[in-house]
Number of protein chains: 2
Amino acid sequence: MTTELLTRQAITPELVLDGLDDVLGLHIGTANTLFVTRLERQLEAMKVTPKQVAILWLVKANPGVKQTDLSRFFKIERPTVHQFVRSLMRNGFLINEPSKLDRRAGGLWITGEGETVLSAARVIIAESEAALTACLSSHEKSELYRLIMKVYLSAAQKG
Amino acid sequence: MTTELLTRQAITPELVLDGLDDVLGLHIGTANTLFVTRLERQLEAMKVTPKQVAILWLVKANPGVKQTDLSRFFKIERPTVHQFVRSLMRNGFLINEPSKLDRRAGGLWITGEGETVLSAARVIIAESEAALTACLSSHEKSELYRLIMKVYLSAAQKG
DNA sequence: TATTGTTATACTCTATAACTATA
DNA sequence: TATAGTTATAGAGTATAACAATA
């Protein structure tokens with residue numbers, strides 16, 4: 001149990017925060033932006049974005065997966081998924097083979113080039129994750145993971 | 001100490017996740033998107049976005065504040081701050097009075113209309129926060145807060 | 001009618017580059 | 001030279017509306 005005081009007030013002591021720093025959503029948002037922005041820069045050279053890597057990751061693990069399934073997993077709309085898929089296809093990392101069982105649906109497959117990029121990106125992501133949680137003990141790490149997941153799943157359930 | 005298993009696998013059991021669900025950044029990101037998207041919809045009627053409310057909040061607590069100070073607090077670039085400020089001024093929620101001491105700088109002040117919107121938005125944000133953490137015990141709440149803050153401050157320090 | 005994918009469009013948040021005015 | 005603000009532009013991620021093709 002740590003009692004040290006951790007606040008954003010220390011960063012800009014000249015500002016009166018008036019309770020804004022009590023808003024958990026603000027900290028989750030700014031922390032997220034910080035990580036994502038850094039990760040984007042690290043992935044830039046291999047022509048993928050963080051979200052594109054996540055899509056690539058699932059396509060590799062689930063050959064022939066449908067866009068609808070990805071939409072459900074990430075809880076984003078189908079046209080949003082399609083935008084990532086289109087970029088990945090344009091760069092030759094993914095191909096879309098129409099299903100023979102249901103000709104409405106397409107099946108997504110990763111290409112050789114896509115696998116190469118995914119492998120490299122996974123290394124960068126692992127490093128990024130390690131750096132992100134380096135300040136936490138292993139118990140704190142698993143607690144943060146558990147609490148974020150709990151909050152997310154509870155919110156996702158509500159619709 | 002809870003031992004129940006909380007995973008995203010349960011949401012889409014048909015998908016093989018291959019370790020993607022071990023990536024903490026993914027969960028922070030999707031949780032954030034979920035909250036922000038909801039909050040945006042709730043604030044839509046009063047013509048402000050979540051980030052605009054945060055700016056309004058600090059301007060009210062720090063009358064005459066400079067855009068540079070807001071930039072430092074949020075760790076975003078000056079032109080990004082300016083975009084929010086411009087929207088808020090266009091809607092009559094903020095005014096920009098040039099400083100007499102340093103004529104490069106402007107001082108931001110909230111308007112009466114801005115105060116009305118801020119008050120209403122704070123109620124919505126408080127409700128949103130409560131809903132977000134309703135699934136957590138009070139100890140879990142403060143732990144999540146502490147851990148996010150710790151990770152954020154550690155990452156922010158590194159530059 | 002319902003589902004899958006697609007296209008077009010728009011909005012939020014963020015960044016970089018280049019500029020003006022002032023210190 | 002350095003700082004405050006501004007303008008223009010771009011890119012990532014998200015959404016809604018409307019459509020075609022298929023079931």
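Each chain gets a letter, A, B and so on, in the order its sequence line appears, and its residues count up from 1.
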Taking for each residue the nucleotide of DNA chain C with the nearest heavy atom, is it A/Lys66 or A/Gly29 whose nucleotide lies nearer the 5' end? A/Lys66
What's the closest nucleotide to the B/Pro79 side chain, out of C/dT6, D/dT14, C/dA17? C/dA17
Side chain of A/Thr133, backbone of A/Leu136: donor and acceptor closer than 3.5 Å? no
Heavy atoms under 4.0 Å, any strand shown: does A/Thr80 hit a base, just sugar-phosphate, or nothing? base
Sugar-phosphate only, base, or nothing, as touched by B/Ser99 at under 4.0 Å among non-hydrogen atoms: nothing
Under 3.5 Å, is there any donor-acceptor pair linking the side chain of A/Arg104 to the base of C/dT3? yes
Per nearest nucleotide of DNA chain C, the residue lying toward the 5' end, A/Thr68 or B/Arg78, is A/Thr68
Any idea which of D/dG5, D/dT16, C/dT6 is nearest the A/His82 side chain? C/dT6
If you look at every strand shown and take non-hydrogen atoms under 4.0 Å, does A/Glu40 touch a base, only sugar-phosphate, or nothing? sugar-phosphate
Can you tell which of D/dA23, C/dT4, C/dT16 lies closest to the side chain of A/Arg103? D/dA23
Flag, side chain of A/Glu129 to backbone of B/Leu24, donor-acceptor distance under 3.5 Å: yes
Any donor-acceptor pair under 3.5 Å joining the side chain of B/Gln83 to the base of C/dT14? yes
Are A/Lys47 and A/Glu113 ion-paired here, with the side-chain N under 4.0 Å from a carboxylate O? no
Going by the rule side-chain hydrogen bond (donor to acceptor under 3.5 Å, both in side chains), which residues pair with A/Thr30 if we only count those two or more places apart in sequence or in a different chain? A/Arg8
